[in-house]
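Given the structure is predicted, the values throughout are model-derived calculations rather than measurements. No hydrogens, no waters, no symmetry mates; every other heavy atom, side chains included, goes into these values.
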Amino acid sequence: MRSPSSMMRWSAIASVSALLLIPAGLAFGQAEPSKDKPAAAPAKPADAAKPADAKPADAKPADAAKPADAKPADAKPAAAGVKPVSFMNDVAPIFVRNCIACHNPKKPESKYVMTTFAQLAKGGKVGDGITLEPGKPDESYLLETLGPDAQPRMPYKQDPLPPEDVATLTRWVSEGAKYDGTAPTEDWTFLLRKTRKTAIPEAYPTTVPVTALQFTPDGQRIEASGYHELTTWKTADGALDGRVQGLPERTYDIAISRDGKWMATAGGDPGQYGVARLWSLEAGKPPKPVRDLAEAQDVVFAVAFSPDGQKVATAGADRAVRVHETATGKILVQIEDHADWIYDIAFSPDGKLLASASRDKTCKVFDVEKKESLVTFTGHGQTVYAVAFTPDGKQAFSAGEDNHVRFWSLDGEAKEVRQIGVFGGPVFAIAMAPDGKTLAASGADKVVRLFNPADGSTLRKLEGHGDWVYSLAISPDGKTIASGSWNGEVRLWNLADGKALRTITAAPGYKPPGAQAAR
């Protein structure tokens with residue numbers, strides 16, 4: 001399915017999301033509609049703030065011939081004791097499964113966009129204006145296209161909708177075709193993704209790629225990305241020690257402030273939804289969600305705290321870097337200088353500068369206080385996945401698709417100072433030890449390498465992973481390094497001598513094939 005030489009890191013992760021987790025209805029339990037009221041959104045990679053409850057509005061679509069919330073004379077109310085059909089809970093999932101791929105703003109087949117209710121009700125060029133006639137299923141073109149003899153029949157060139165889905169849509173129109181989101185002009189697919197709850201299995205039926213790792217402030221536990229959750233593992237014995245749920249499908253980054261008071265996560269459901277979330281930390285208690293810093297219609301890839309913890313930066317697929325005030329969530333700086341997705345961000349040791357790595361093949365450094373771009377490094381020539389500063393803050397280093405880690409200057413032009421090219425594939429992750437004497441890097445060649453950042457010389461290789469190594473973390477005391485891979489393994493190593501300490505399969509309750517038979 002994938003080849004290190006032909007597939008980029010995030011393309012591969014998106015693929016596993018589609019192949020492994022979207023059939024999550026089978027593998028991980030069906031996603032369930034939220035029983036709560038649809039909520040307004042937070043703020044991130046299309047950065048937003050924290051979701052605040054909003055009451056569903058019965059607003060009328062501006063373009064529809066008849067308001068969707070009006071009750072036509074022949075509209076059929078739900079039978080006594082029968083719950084009315086809900087657009088968000090019952091109808092929207094049908095459209096997502098069968099219609100949205102071809103009728104969205106980026107691909108509006110027949111000039112028909114279905115991602116807002118106002119547009120869905122109005123129809124496209126084939127529908128001749130009005131697609132929905134609330135209360136009149138026989139006059140609603142939307143339903144007409146589902147018939148076996150319809151020309152064209154929808155979904156186009158696909159199997160017909162199951163009879164039960166057609167019955168649900170017909171009953172919804174008969175009952176008045178009401179919209180129970182927050183506003184007819186909003187992107188209801190975004191709202192649906194935000195408010196749907198996913199059932200997370202007690203025991204994983206398969207492993208998931210470990211795309212983010214971070215040690216807790218005391219170094220006794222490690223947080224790892226999971227399926228719609230973080231999983232917490234004891235570093236002493238590798239035992240599961242907690243699960244932080246309610247997150248998007250994928251978590252791509254985890255950051256903890258130096259004072260240990262805050263944690264931030266970045267993630268999303270690829271191509272659908274992204275969010276960066278702030279959590280408060282207290283010893284002996286699970287992380288507590290404080291607010292959503294940013295929200296977007298695609299993934300948020302990166303979060304980073306300033307050294308003093310007073311600022312937290314976010315970045316992702318919307319190509320913007322945002323710096324928030326940690327205590328309030330207020331956006332202090334917003335920079336839109338990249339031409340493509342931003343995969344990583346890092347503060348300088350003094351907190352004055354912020355570096356970024358992007359799919360546009362560049363790294364950039366911004367002055368946070370002056371709110372301006374300082375330098376752009378183009379040395380990689382291919383996608384850049386990771387970026388950081390040297391301990392003295394005088395240089396930056398970055399890694400990417402070109403199989404190199406490159407050091408470059410910050411004064412004047414961004415000139416390459418040194419390069420490390422011993423990797424057998426793209427480099428996905430880099431991490432610096434607290435004392436600044438060891439640089440770790442990993443990627444598609446399945447090896448974790450340790451270097452002396454002063455001269456780029458190799459200190460040692462940590463071998464044992466059987467798949468791409470996506471994430472790295474070094475404990476606050478600088479004694480332990482953790483690495484996470486595609487096959488769901490987290491490996492712990494002694495940083496001083498490279499000795500393997502233990503391997504954790506970061507999938508709660510997972511039993512490898514054959515394990516039951518062996519017992």
Side-chain angles (χ1 to χ4, degrees), residues 13 16-32 196-254 256 263-270 275 277 279 281 284-289 464-473 475 480 482-493 500-519:
I13 294 176
V16 82
S17 298
L19 298 175
L20 174 64
L21 296 177
I22 295 304
L26 301 176
F28 280 90
Q30 290 288 356
E32 300 174 347
R196 283 175 67 82
K197 293 181 179 179
T198 300
I200 303 173
E202 191 67 27
Y204 281 30
T206 185
T207 61
V208 296
V210 180
T211 49
L213 285 173
Q214 189 57 263
F215 282 91
T216 57
D218 59 10
Q220 295 181 16
R221 295 164 182 78
I222 190 163
E223 302 285 358
S225 59
Y227 176 68
H228 286 277
E229 66 177 344
L230 297 184
T231 56
T232 307
W233 308 85
K234 293 181 180 180
T235 55
D237 57 12
L240 180 65
D241 194 50
R243 302 170 72 169
V244 181
Q245 301 188 343
L247 281 81
E249 178 183 306
R250 280 274 181 266
T251 296
Y252 290 96
D253 201 7
I254 306 168
I256 294 180
M263 178 175 76
T265 55
D269 303 341
V275 66
R277 185 163 295 154
W279 311 73
L281 300 180
K285 296 182 179 181
K288 179 181 179 181
H465 277 291
D467 217 322
W468 295 4
V469 183
Y470 284 119
S471 51
L472 294 173
S475 61
T480 308
S483 50
S485 68
W486 172 279
N487 61 8
E489 282 187 352
V490 173
R491 289 180 175 253
L492 302 180
W493 320 76
L501 300 177
R502 63 191 46 83
T503 299
I504 300 169
T505 300
Y510 172 67
K511 301 295 183 184
Q516 295 289 359
R519 293 191 345 185

Derivation and outcome, side chain to side chain contact (heavy atoms under 4.5 Å, CB included), residues Ile256 and Leu281: CA-CA 9 Å; Ile256 294 180; Leu281 300 180; 3.9 Å; yes
Between [Y] and [X], is there a side-chain heavy-atom distance shorter than 4.5 Å?
{"X": "Val490", "Y": "Ser483", "answer": "no"}
{"X": "Val469", "Y": "Arg491", "answer": "no"}
{"X": "Pro508", "Y": "Arg243", "answer": "yes"}
{"X": "Glu249", "Y": "Pro270", "answer": "yes"}
{"X": "Leu472", "Y": "Leu213", "answer": "no"}
{"X": "His228", "Y": "Gln245", "answer": "no"}

Donor + acceptor pair across side chains of [X], [Y] (<3.5 Å):
{"X": "Ser471", "Y": "Thr211", "answer": "no"}
{"X": "Thr265", "Y": "Trp279", "answer": "yes"}
{"X": "Glu223", "Y": "Thr232", "answer": "yes"}
{"X": "Trp233", "Y": "Thr235", "answer": "no"}

About how many Å separate [atom2] of [Y] and [atom1] of [X], when rounded to the nearest 0.5 Å?
{"X": "Ile504", "Y": "Thr231", "atom1": "CD1", "atom2": "OG1", "answer": "8.5 Å"}
{"X": "Leu492", "Y": "Thr503", "atom1": "CG", "atom2": "OG1", "answer": "8.0 Å"}
{"X": "Asp269", "Y": "Leu247", "atom1": "CG", "atom2": "CG", "answer": "10.5 Å"}
{"X": "Thr505", "Y": "Lys511", "atom1": "OG1", "atom2": "NZ", "answer": "10.5 Å"}
{"X": "Gln220", "Y": "Lys234", "atom1": "CD", "atom2": "NZ", "answer": "9.5 Å"}

Parallel, tilted or perpendicular: rings of Tyr204 and Tyr227 (30°, 60°):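 Rings of Tyr227 and Tyr204: perpendicular, as their planes differ by over 60°.
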